[in-house]
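The next block holds one structure in the form of structure tokens; read it before the comments.
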Amino acid sequence: MLATDQLTEFLSAVADRPAGPAAHHAAVECAARALDADVAILMIDGGVVASIGLPADQVPAYTLAEIAVGRRASLDLGDGRYAVTFATISGTSPGVLVLGRVSSPFTAEEVCLLRGMARVLELSLQSLHVIESERRYAEENGRLLGYLDHGRRVFEELGNVQRAIGRRMPVPQVFDMVAAAVRDLLGVDMVAISLLDRDDLSVGSVVASTGVPADVAAKLQRVPVTAGGVSGLAILGDELIAVEDYTTSPIALSPMTSAHLRSIMATPVHENGQVSGSIAVGTYGRPRDWDKPAREILQAFADHLSLALTDARTQEAMNQAFLDALTGLATRALFQTRLEETLSPTGPGGAVLFVDLDRFKVVNDSLGHAAGDKLLTGVASRIQSCLREGDTAARLGGDEFAVLLPGLNSAAEAMPIADRILTALREPFDLLGAETFISSSIGVAFSAPAEHAGSVLMVHADLAMYQAKKLGKDRYEVFEPAMQEAFQAHIALEADLRRAVLRHEFELRYQPIVHLRTNEITGVEALIRWMHPERGIVPPMDFIPLAEETGMIVPIGEWVLREATTRVAEWNARREGPPLTVSVNLSAVQLDQASLIQVVESALTDAHLPASQLVLELTESLLVDHRPATLRRLEELKALGLRLAIDDFGTGYSSLAYLRRFPVDIIKIDKSFVDDVVDEPTAAALTHGIIQLGRALQLSTVAEGIEHAGQLTSLAGGNCEMGQGYYFAEPLTGAALNDLLFP
């Protein structure tokens, strides 16, 4: 704790006297005292800038460089041999802080402490560099970032924020300071700073704002990132997003549109290099052109918010440097230190297991955070019981765990331990009186000594874990190089998908749904297509799973709903006779959104489409994997007056039980049954059985994928009510369907 106090005092002094040499000497003195070192040396940009216990001109720079890359574990000086440790300093002025002592080697815990100190020093030097760069720009150009009279004011405000960070002003006060400064300097009407929940990174809340109505701010608490509008997109894509006309944006938030927000710009805020929130600015009533100077000023303040967050978390981590407060396992910092020791040239090499729970969010949401915490402690205990002496288990955060297995010769030797963990976690947990089952997905990666850096091996294990999830969960996978290639392609497609949302690259196709007795078109199913400027038409099966995984399905799905209801309402206004219905697919991710009911209601109102003419299609697997909230959400949807359909019926399991339990109106018979309804007696029996089941439960039946007259005859003869497929029409553009409806 002494080291933390000393470093806090040092950073406060730096804030008032930002001189590089003073900061350098304070750092080495503090580090030497905290770790009881005989020698402490700080090198920046390859040169020695401060030293304790050894004159600067006697420092063996080449030897220190070898220590910094892990080639040496000791330092020979005139009076003997020193055990050494080091911590690197990244950023604009990279360097290394090296400590040595004669008495004993440094422990992993001491190395963690030194790295925390180096990180705080890095933040301080980075802050000074940012301020100095902006000061020089202001002086050289007579203005900052294109704002003629704002240069000095911007510099002064950034300096105020920097000093507040150095003096450990509480983070909420720093947020308020930034919000007020940005509002005045950019001349905007509102500023909102949002942070992700540390225990659930899928949701975020506004933590500071100015110019946001109180009732609107209250609605922006614990909003899923995927439904977070422009701020959510900035967080998801880790990039600045600017929208000049918010009223036409497909990702606009209803609370903000109701407040008459016209233009908005948001950029991410980071913590230790990871996205942790956003800062957004906007105008009411009038549009705003977010030019380059405005973007750069917002980014400068976002950088300072990132420094404040990282600094606060670094101090917190230094106070809890070694053991996770909830589970008692090693922290990420201690785990990484031991991993690097294992993979060093003098280490034994070994394997890493990346363990991720498969259903933790379901448990946390349905049973509460207290049950979730008890589950995590139980998981930690079971993982620990599966390990050998000398292995290290760590909680990386949330429901992610890692295991270090030193001394192995191959990934194969880690497989029995991965199996033991899988088996142990399958056993039920008693959570506040409720017997609960979960499973886990495990990635396995191996490295010989000095073959891979610790960070690389962690990435390998993480990729293998995602492969295990992709292949069905409750299993382990061993890393293969092809996984990394597939992941990079996945990342490229994800980036394109995010841009597609902003650029409106999607189109809808409409497939007619026909009454099988009369051949009349009674409705249409809206099917999305992605018109990629380089890839051409990207079919849904190639991007919908990615959209669901990243949460982009939420804004995409809302656009589909609004576009489809608007178009069908226009057709119905021109038609004679019974109106068309429109069927829109609803994913599990959308169903999880608390705002779904309001979105559907708003879409129907804006389109002037009666709720009875909308059908929402759900996959059977969504119902099987439901949570208590799922049934409540479906009942709320039904209360609007729309109808619910089960898509691809018959491909899941326990179908009858779910038909009785959920408020379903329509069964859509999967194409795999329809394909063989003429030639395969078994398929015909199953298909006709589904039709009779629907009739008995007073449900409508729709056969999917009808391709020839024989299938139509068999289905119509079996009393199937409706059908769709290429026999009637392929999915058509809006213009083509318009010509079909109004020849």
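Note that the coordinates shown come from a computational prediction; the quantities given were computed from them, not determined experimentally.
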inquiry  = Check this for me: Phe360, atom CZ, are more than 12 non-hydrogen atoms of other residues, nucleotides or ligands nearer than 6.0 Å?
reply    = yes
ask   = Checking Gln511 side chain against Ala729 main chain: does a donor-acceptor pair fall under 3.5 Å?
value = yes
request  = Would you check if the side chain of Ser263 reaches a backbone N or O of Glu244 as a donor-acceptor pair within less than 3.5 Å?
outcome  = yes
query = Just wondering, more than 12 heavy atoms not from Phe175 lying within 6.0 Å of its CZ?
reply = yes
message = Please tell me whether Thr331 and Asp324 have a donor and an acceptor in their side chains that are separated by less than 3.5 angstrom.
response = no
request  = Give a yes-or-no answer on whether the side chains of Thr267 and Gln299 include a donor-acceptor pair shorter than 3.5 Å.
outcome  = yes
inquiry  = Donor-acceptor pair, distance only, cut-off 3.5 Å: does the side chain of Gln593 make one with the backbone of Val589?
reply    = yes
task = Could you tell me whether Glu400 and Arg395 have a side-chain N and a carboxylate O separated by less than 4.0 Å?
result = no
task = Evaluate whether atom CD of Gln274 has more than 12 neighbouring non-hydrogen atoms of other residues, nucleotides or ligands under 6.0 angstrom away.
result = no
query = What is the distance from atom CG of Leu233 to atom CG of Leu502, rounded to the nearest 0.5 Å?
reply = 5.0 Å
inquiry  = Please check this pair: side chain of Ser205 against backbone of Gln221, looking for a donor-acceptor N/O pair closer than 3.5 Å.
reply    = no
Partner residues of Arg633 under the side-chain hydrogen bond (donor to acceptor under 3.5 Å, both in side chains) criterion, sequence neighbours left out = none
request  = Could you tell me whether a side-chain N or O of Ser249 sits under 3.5 Å from a main-chain N or O of Tyr246, the two making a donor and an acceptor?
outcome  = no
query = Does Gly228 offer a backbone N or O that forms a donor-acceptor pair with the side chain of Ser231 under 3.5 Å?
reply = no
inquiry  = Nearest 0.5 Å, please: how far is CG in Leu614 from OG in Ser583?
reply    = 8.0 Å
inquiry  = Within the structure provided, determine whether Leu253 and Leu220 are in side-chain contact (heavy-atom separation under 4.5 Å).
reply    = yes
task = Give me the ring orientation class for His460 and His452: parallel if the planes are under 30° apart, tilted from 30 to 60°, perpendicular past 60°.
result = perpendicular
query = Hey, does the side chain of Asp358 reach the backbone of Ser440 with a donor-acceptor pair shorter than 3.5 angstrom?
reply = yes
note = Closest non-hydrogen contact found for Ala448 with Glu451 is N-OE1, 2.8 Å
Side-chain heavy atoms of Trp290 within contact of Val281, under 4.5 Å = yes
Audit row: Ile438, Val379, side-chain contact (heavy atoms from CB on, under 4.5 Å) steps and yes/no = CA-CA 10 Å; Ile438 64 162; Val379 167; 4.0 Å; yes
query = How many angstroms lie between atom NE2 of His532 and atom CZ of Arg503, to the nearest 0.5 angstrom?
reply = 8.5 Å
message = Val225 vs Leu201, test: side-chain contact (heavy atoms from CB on, under 4.5 Å). Steps then yes/no.
response = CA-CA 8 Å; Val225 179; Leu201 297 179; over 6 Å; no
key: Any Ser455 side-chain heavy atom under 4.5 Å of Met458 side chain   = no
Approximate separation, where rounding is to 0.5 Å, of Leu353 CG and Leu404 CG = 9.0 Å
request  = Start with the C-alpha distance between Leu546 and Glu494, add both sets of side-chain angles, then the distance that settles side-chain contact (heavy atoms from CB on, under 4.5 Å), and finish with yes or no.
outcome  = CA-CA 7 Å; Leu546 176 61; Glu494 180 182 337; 4.2 Å; yes
query = If you take all heavy atoms of Ala464 and Phe479, which pair is closest and at what distance?
reply = CB-N, 3.7 Å
ask   = Salt bridge check: are Arg295 and Asp291 linked by an N-O gap of less than 4.0 Å?
value = no
query = Do Arg499 and Glu505 meet the salt-bridge criterion of a basic N to acidic O distance under 4.0 Å?
reply = no
query = Judged by atom type as modelled, is there a donor-acceptor pair below 3.5 Å linking the side chain of Thr257 to the main-chain atoms of Ser254?
reply = yes
inquiry  = Could you check whether any side-chain heavy atom of Ile89 comes within less than 4.5 Å of a side-chain heavy atom of Val96, counting everything from C-beta outward?
reply    = no
message = Show the nearest heavy-atom pair for residues Ser278 and Ile235, with the distance to one decimal.
response = CB-CG1, 3.9 Å
request  = For residues Leu339 and Val352, determine if any side-chain heavy atom of one lies less than 4.5 Å from a side-chain heavy atom of the other.
outcome  = yes
ask   = Cut-off 3.5 Å, side chains only: do Asp238 and His270 have a donor facing an acceptor?
value = yes
key: Test salt bridge (Lys or Arg N to Asp or Glu O under 4.0 Å) applied to Glu707 and Lys671, step by step   = CA-CA 10 Å; Glu707 296 182 348; Lys671 182 179 184 299; 3.5 Å; yes
message = Could you check whether any side-chain heavy atom of Phe446 comes within less than 4.5 Å of a side-chain heavy atom of Leu405, counting everything from C-beta outward?
response = no
message = Do the side chains of Glu340 and Arg338 get close enough for a salt bridge, i.e. N-O under 4.0 angstrom?
response = no
query = Which atom pair, heavy atoms only, marks the closest approach of Ala411 to Val478?
reply = CB-CG1, 3.8 Å
task = Please determine, by modelled atom types, if Thr550 and Arg498 share a side-chain donor-acceptor pair under 3.5 angstrom.
result = no
query = To the nearest 0.5 Å, how far apart are CG in Leu618 and NZ in Lys668?
reply = 11.5 Å
key: Heavy-atom donor-acceptor pair, Ser587 side chain to Gln590 backbone, under 3.5 Å   = yes
task = List for me each residue that meets side-chain hydrogen bond (donor to acceptor under 3.5 Å, both in side chains) alongside Asp245, sequence neighbours excluded, and say none if there are none.
result = Thr247, Arg262
request  = Determine whether Ile383 and Val403 make a side-chain contact, defined as any pair of heavy atoms from C-beta on separated by less than 4.5 Å.
outcome  = yes
task = Measure the CG-CD1 distance between Leu408 and Ile417 for me, rounded to the nearest 0.5 Å.
result = 6.0 Å
inquiry  = I want to check something: taking the side chain as every heavy atom from C-beta on, are Phe335 and Thr392 in contact at a cut-off of under 4.5 Å?
reply    = yes
Arg535: salt bridge (charged side-chain N to carboxylate O under 4.0 Å, His left out) partners, not counting sequence neighbours = Asp496
remark   = Note: Ser441 and Lys469 closest approach over all heavy atoms is OG-CG, 3.3 Å
request  = Show your reasoning for whether side-chain contact (heavy atoms from CB on, under 4.5 Å) applies to Leu357 and Leu425.
outcome  = CA-CA 9 Å; Leu357 305 186; Leu425 297 184; 4.2 Å; yes
task = Write down the atom of Phe543, the atom of Ile528, and the distance for their closest heavy-atom approach.
result = CZ-CG2, 3.8 Å
